[in-house]
Amino acid sequence: MADIRRSFVLSFAQRYSALAIQLGAMVVLARILTPAEFGTFAVASALVTLATVLQDFGVGNYLVQEHTLDRAKLATAYSVAFVIAWPLGFVLYFGSDAIAAWYKHPDLAQVIATLSLSFFVLPFGTPVQAMMRREMQFGRLYALGVAAAAATAGISLGMALAGYGAVSLATGLVAGSLVMAFGGHLLRPGFLLLRPGFAHWSAVISFGGKSAAISLLSEAGSQAPSIVAGRMLGFDAAGLLHRATSTIHLYRKTVLDGLMPVVLPAFSHRLRSGGSVAKLYLKGLSYLTAIAWPFALGVIFLADPLIRVLFGSQWVAAAPLVQILSVIAATSPLLRLNRAVFVAYNRIGTNLKIELFIQPLRIALVIYACFFDLRTLAIALAVPPVLNAIISQALLRRIVNYDIRDYWRSLGHSLFICLLTGLPPAVTVAIWGWHPAVPLLSLVVGGVGGGLVWLLAIVLLNHPARQELVTLWARRPMLRAG
């Protein structure tokens, strides 16, 4: 448990450090680039992300969860990554002009072509990073993630200031991929000397096929709004939607992206050692909902000042979208934890069945909503996560033997903390309105006030996270030494 706790801290530290760099860069970039330029990047990134899912082909998760891993399996996973990624890169690079012509937006071609270059780099890094996760080497991943974030931010800012528009964002991402791939080999050497091989190709393909299908379905649903909105509502609308979703994803980047690289290895390790994941699952659910739900409620009240302070007044039209999409942040703990449990139990097929239902529904709702406006689209996007959470929880109960009373007790505790934390933001709205004349003042009073109330509620109500905070505080000298 101590190793898992330390891994959580290092993983969070990496995500927070990288997020601070990315957010600082984005605050500046939002004032340099227009919504249409961000929309161009959003559409290109959405299209390329779908191919990225196929490129990964579940190789990373295969290496993390495989019980008996030998050099032949490593070589197979490494070889599969290359065989899939490079052809996809060529297809995207040479098909970029045709895609841009379909969108009737010539600038899109150069952005897609630039992003496609990452496919020739990613296979070098994916297996290395997966092995670091498997071995819980989160100190090395911390250094790697921060370096990649700095490279992405530096290149993007420099090129944006030089007037390269949406291409600057794409080039920054490719630079970050280079750092992640080759920096990984410096920190965890040995993979470059692996001889290509396909001795265990059937095992990798069997697991990877299901994993890739799940990820592809999930990403198809996630990226459909940008892809469809760019074509039907225009690139300005795609840019506003991108800004709204990226604001909501602050929770994912600050909390879930720090937690999830540790959760799957932790669940898998618990199962390999013959233990039960039920207690670990309920504890994780309690922690995450105690953060996600107050965040979602706070965003509903403070969306307008948050958008104006962080990104400038040209993005204020994204504020109503942020308020609607806060539902996504509220349901994310259930979805992400449940998926990790299914993978750890080798029930990846269950994830696939859920996605086969949810994502076609999501895409259909997106297409229908785009015949109207952005607000309708945001409402449509808020429905599938709720259904997904309900279905996945019902299926999870069949394999994880937890007490349903403990489950509802955890959620009820988090809900009470959420309502208390929402009081300061609600008061700021009552005093200054939904569109305050001084957005920074409203944001500081509501945000800081909510944060203080949250901390007091965690301590005074004796939430399970209280003990974790106390333990981490006591262990801070050792964590710094580590």
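Among residues at least two apart or in separate chains, ring-ring contact (aromatic ring centres under 6.0 Å, His included) pairs with a member in residues 299-320 are Phe38-Trp315, Phe301-Trp434. Listed by first and then second residue, the side chain to side chain donor-acceptor pair (under 3.5 Å) pairs that reach into residues 359-376 are Glu355-Gln359, Asp373-Thr376, sequence neighbours excluded.
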Would you mind writing out the side-chain donor-acceptor pairs for residues 229-238 within the sub-3.5 Å range, not counting sequence neighbours?
residue : atom : partner : partner atom : Å
Arg231  : NE   : Trp102  : O            : 3.2
Asp236  : OD1  : Ala36   : N            : 3.3

Going by atom type alone, with no hydrogens or angles, which donor-acceptor pairs under 3.5 Å involve a side-chain atom of residues 170-177 and a protein atom two or more places apart or on another chain?
residue : atom : partner : partner atom : Å
Thr171  : OG1  : Val167  : O            : 2.9
Ser177  : OG   : Leu173  : O            : 3.1

Could you give the side-chain donor-acceptor pairs of residues 110-121 under 3.5 Å, partners two or more places apart or in another chain?
residue : atom : partner : partner atom : Å
Thr114  : OG1  : Gln110  : O            : 2.8
Ser116  : OG   : Ala113  : O            : 2.5
Ser118  : OG   : Leu115  : O            : 2.7

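With rounding to the nearest 0.5 angstrom, the CG atom of Leu50 is 11.0 Å from the CG atom of Leu88. Rounding to the nearest 0.5 angstrom, the gap separating the OG1 atom in Thr421 from the CG atom in Leu297 is 8.5 Å. Interatomic distance, CG of Leu374 versus CD1 of Ile324, reported as 9.5 Å (0.5 Å rounding). How far CG of Leu29 is from CG of Leu157: 4.5 Å, rounded to the nearest 0.5 Å. With rounding to the nearest 0.5 angstrom, the CG atom of Leu241 is 5.5 Å from the CG atom of Leu377. For the atom pair CG (Asn388) and CD1 (Ile328), the distance works out to 11.5 Å, reported to the nearest 0.5 Å.
Under the side-chain contact (heavy atoms from CB on, under 4.5 Å) test applied with Val445, the options Leu440, Thr428, Leu302 reduce to a single match, Thr428.
The neighbour count for Ile155 CD1, taken as heavy atoms of other residues, nucleotides or ligands under 6.0 Å away, does not exceed 12. At most 12 heavy atoms of other shown residues, nucleotides or ligands fall within 6.0 angstrom of atom OH in Tyr164.
Across all their heavy atoms, Ile84 and Pro87 have their closest contact at O-CD, 3.5 Å. Smallest separation of non-hydrogen atoms from Ala389 and Leu334: CB-CD1, 3.8 Å. Summarising the geometry of Gln314 relative to Leu33, their closest heavy-atom pair is NE2-O, 3.4 Å, with the distance given to 0.1 Å. Residue Leu335 comes nearest to Pro385 through the heavy atom pair CD2-O, 4.0 Å, listed as atom of the first residue, atom of the second, then distance. Residues Leu288 and Pro333 come closest through the heavy atom pair CB-CB, 3.6 Å. Considering all non-hydrogen atoms of both residues, Cys370 and Val228 come closest at SG-CG1, 3.6 Å.
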### Task
Under the side-chain contact (heavy atoms from CB on, under 4.5 Å) rule, what do Leu108 and Phe41 come out as? Steps first, then yes or no, please.
CA-CA 8 Å; Leu108 193 61; Phe41 171 76; over 6 Å; no
### Task
Walk me through it: do His105 and Thr40 pass the test side-chain contact (heavy atoms from CB on, under 4.5 Å)?
CA-CA 8 Å; His105 193 68; Thr40 301; 2.9 Å; yes
### Message
Quick one, Val299 with Val322, criterion side-chain contact (heavy atoms from CB on, under 4.5 Å). Give me CA distance, side-chain angles, the key distance, then yes/no.
### Response
CA-CA 7 Å; Val299 163; Val322 170; 3.2 Å; yes
### Message
Test side-chain contact (heavy atoms from CB on, under 4.5 Å) on Met180 and Leu144; report intermediate values, then the result.
### Response
CA-CA 6 Å; Met180 286 293 288; Leu144 196 60; 3.7 Å; yes
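Between Pro436 and Arg308 there is a side-chain heavy-atom pair separated by less than 4.5 Å.
Checked by atom type and distance alone, the side chain of Ser442 never pairs as donor or acceptor with a backbone atom of Val438 at under 3.5 Å. A donor-acceptor pair under 3.5 Å is absent between the side-chain atoms of Glu37 and the main chain of Ala166, judged by distance alone. Judged by distance alone, the side chain of Ser332 and the main-chain N or O of Ala329 form a donor-acceptor pair under 3.5 Å.
Applying the side chain to side chain donor-acceptor pair (under 3.5 Å) rule to Asn338 yields the partners Tyr281, Ser392, Gln393; only residues at least two apart in sequence or on another chain are considered.
Counted by atom type alone, Ser226 and His242 present zero donor-acceptor pairs between their side chains at under 3.5 Å.
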